[in-house]
Asker: 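One structure follows; several queries about it will come next.
Count residues from 1 along the sequence. Order of listing sets the numbers, starting from 1, for every ligand and every atom in it. Heavy atoms only: backbone and side chains are in, while hydrogens, waters and symmetry mates are out. Bear in mind that the values here come from a model prediction, so they are computed numbers and not experimental data.
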Amino acid sequence: MKIKANLPNKISTVSSASFTALSTPAEKHVIQETPKERDVRMQWWRDARFGMFIHWGVYAIPAGIHNGKPVDGEGEWIMDFGKIPISEYEKYTKQFNPKKFDADKWVKLAKRSGAKYIVITAKHHDGFCLWDSKVSEYDIMDFTLFKRDIIKELSKACKKEQIRFCIYYSIIDWHHSNASGANFSKYRDEYMIPQLKELLTEYGDIGVIWFDGEWIKEWTEPQGKGLYKLLREIKPDIIVNNRVGTGRNGMEGMSKDKDKDYAGDFGTPEQQIPADGIPGVDWESCITMNNTWGFKSNDHEWKSEKDLIHKLIDIISKGGNFLLNVGPTAEGQIPQPSVERLEKMGEWLDVNSEAIYETSASPFGRPPWGRYTKKPGRLYAHILHWPKEGKIHIPDTNLKVSKVYLLADKKQTPLSTEKTEEGLIINLPAEAPDSIASVVVIKALHDRNVR
Ligand code: FHN
């Protein structure tokens, strides 16, 4: 059951004419871009490999508990799962005053973790805006005592630390009276689009617009294509996920479903890592650190740092990006268990980042002991389970190896190898340098598999 309310909007002065593109036939929505131009636009995102998702908003106040009772499901859905009427939910909004929020602290943690970009929920399904929106009073400046533009502060902190700043925007809006039913186009043209324009043009360099809530019946693929075109016209180098349209699952089947051309630049498998990746398209797995996106005071089921590092390696070995979520508290603090895990991931990346950033998918599938990533002239064997037999086998008879060594070994002491009819045996030391994952570097010349 979705909840609606009448919200007195500051109706945008932007003419609706600029949005007719949203309703004209699909062929009007084609962006002229060569494959090379697309590769240039996507390059920073592909090289980055690892981002931090931040789900933060009013829902952090109830934090999974409403009227003294726990509400099942993700914390950011409490307004819906808890069947909280708008008027009652607005009481939570009035309480939103995160005095301990420190954008620099959050961004420095992201940087220490090895994340290269941050995606923040500027507006989730509850409709509350974390920035000073010109078309709404339901925002941090007009509706709360906090009166600080969180999106602006985070954007500035990201610029300072050279972390790409990205925006999550929900097409669903449980607070806006026109966001479903007959008046949806009014919400789209007079509220949603002006908000996207202000986020894209007034908040610094936005790397990605990350849409969500695309599954509602009012939203269609042609509208998604029209919106994608509009956003690329506003900011030609912007990257947009496939939830701008209806492609969420389709993109995952995209490599097999060539005749279905979904809007958006990358697929968005959620809480999952596709077994074989998604060959032929860009994709990003978004995953929580416990079981909720938005903070819940009663969710303590934290994934281990070993599990998170293995997920990072698994995703990247399949050619994807890893968007790992944190759900800050109502006070504006990232939960300590999240901080601890992010710090551990950063320590592992301090040693092994060469085998992660700017790499591409494994040329050999998935060996029983771990995963592969590669760069031109280099193959990286990520050993997740140190083999008792003290060796690993690389199934490539073409490898012209110049050097093999443990990435953790600053002296790059060569490991002994043996050529076989099936490929290359690499002999390993008795002890793994890292109990979570250790990387063997195979410097290979002129090999078709290692480009
Ligand atoms: O409904 C949302 C959910 O709250 C969360 O934001 C996830 C993150 O990708 N997306 C939707 C569920 O698919």
Asker: Pick one: which of W174, Y89, Y59 meets side-chain hydrogen bond (donor to acceptor under 3.5 Å, both in side chains) with D126?
Answerer: Y89
Asker: With sequence neighbours excluded, tell me which residues meet salt bridge (charged side-chain N to carboxylate O under 4.0 Å, His left out) with D212.
Answerer: R243, R248
Asker: Pairs under 3.5 angstrom, nitrogen or oxygen on both sides, ligand 1 versus protein: list them out, please.
Answerer:
{"residue": "ligand 1", "atom": "1 (O)", "partner": "W77", "partner atom": "NE1", "Å": "2.8"}
{"residue": "ligand 1", "atom": "1 (O)", "partner": "H125", "partner atom": "NE2", "Å": "2.7"}
{"residue": "ligand 1", "atom": "4 (O)", "partner": "E76", "partner atom": "OE2", "Å": "2.5"}
{"residue": "ligand 1", "atom": "4 (O)", "partner": "W77", "partner atom": "NE1", "Å": "3.0"}
{"residue": "ligand 1", "atom": "4 (O)", "partner": "H124", "partner atom": "NE2", "Å": "3.1"}
{"residue": "ligand 1", "atom": "6 (O)", "partner": "H55", "partner atom": "NE2", "Å": "2.7"}
{"residue": "ligand 1", "atom": "6 (O)", "partner": "H124", "partner atom": "NE2", "Å": "2.8"}
{"residue": "ligand 1", "atom": "6 (O)", "partner": "Y168", "partner atom": "OH", "Å": "3.4"}
{"residue": "ligand 1", "atom": "6 (O)", "partner": "D212", "partner atom": "OD2", "Å": "3.1"}
{"residue": "ligand 1", "atom": "9 (O)", "partner": "R243", "partner atom": "NH1", "Å": "3.3"}
{"residue": "ligand 1", "atom": "9 (O)", "partner": "E270", "partner atom": "OE1", "Å": "2.9"}
{"residue": "ligand 1", "atom": "10 (N)", "partner": "D212", "partner atom": "OD1", "Å": "3.4"}
{"residue": "ligand 1", "atom": "10 (N)", "partner": "D212", "partner atom": "OD2", "Å": "2.5"}
{"residue": "ligand 1", "atom": "10 (N)", "partner": "E270", "partner atom": "OE1", "Å": "3.3"}
{"residue": "ligand 1", "atom": "13 (O)", "partner": "R248", "partner atom": "NH1", "Å": "2.7"}
{"residue": "ligand 1", "atom": "13 (O)", "partner": "R248", "partner atom": "NH2", "Å": "3.3"}
{"residue": "ligand 1", "atom": "13 (O)", "partner": "E270", "partner atom": "OE1", "Å": "2.7"}
{"residue": "ligand 1", "atom": "13 (O)", "partner": "E270", "partner atom": "OE2", "Å": "2.9"}

Asker: Classify the ring geometry of Y117 against W45: parallel below 30°, tilted from 30° to 60°, perpendicular beyond 60°.
Answerer: tilted
Asker: Does some side-chain heavy atom of I216 sit less than 4.5 Å from a side-chain heavy atom of F184?
Answerer: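 Yes - at least one pair of side-chain heavy atoms lies under 4.5 Å apart.
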Asker: Do Y380 and E354 have side-chain atoms, one donor and one acceptor, less than 3.5 Å apart?
Answerer: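 Result is yes, a qualifying pair exists.
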Asker: On the ring face of F128, is K123 found with NZ or CZ under 6.0 Å from the centre and within 45° of the axis?
Answerer: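 Pair K123/F128 does not count as cation-pi.
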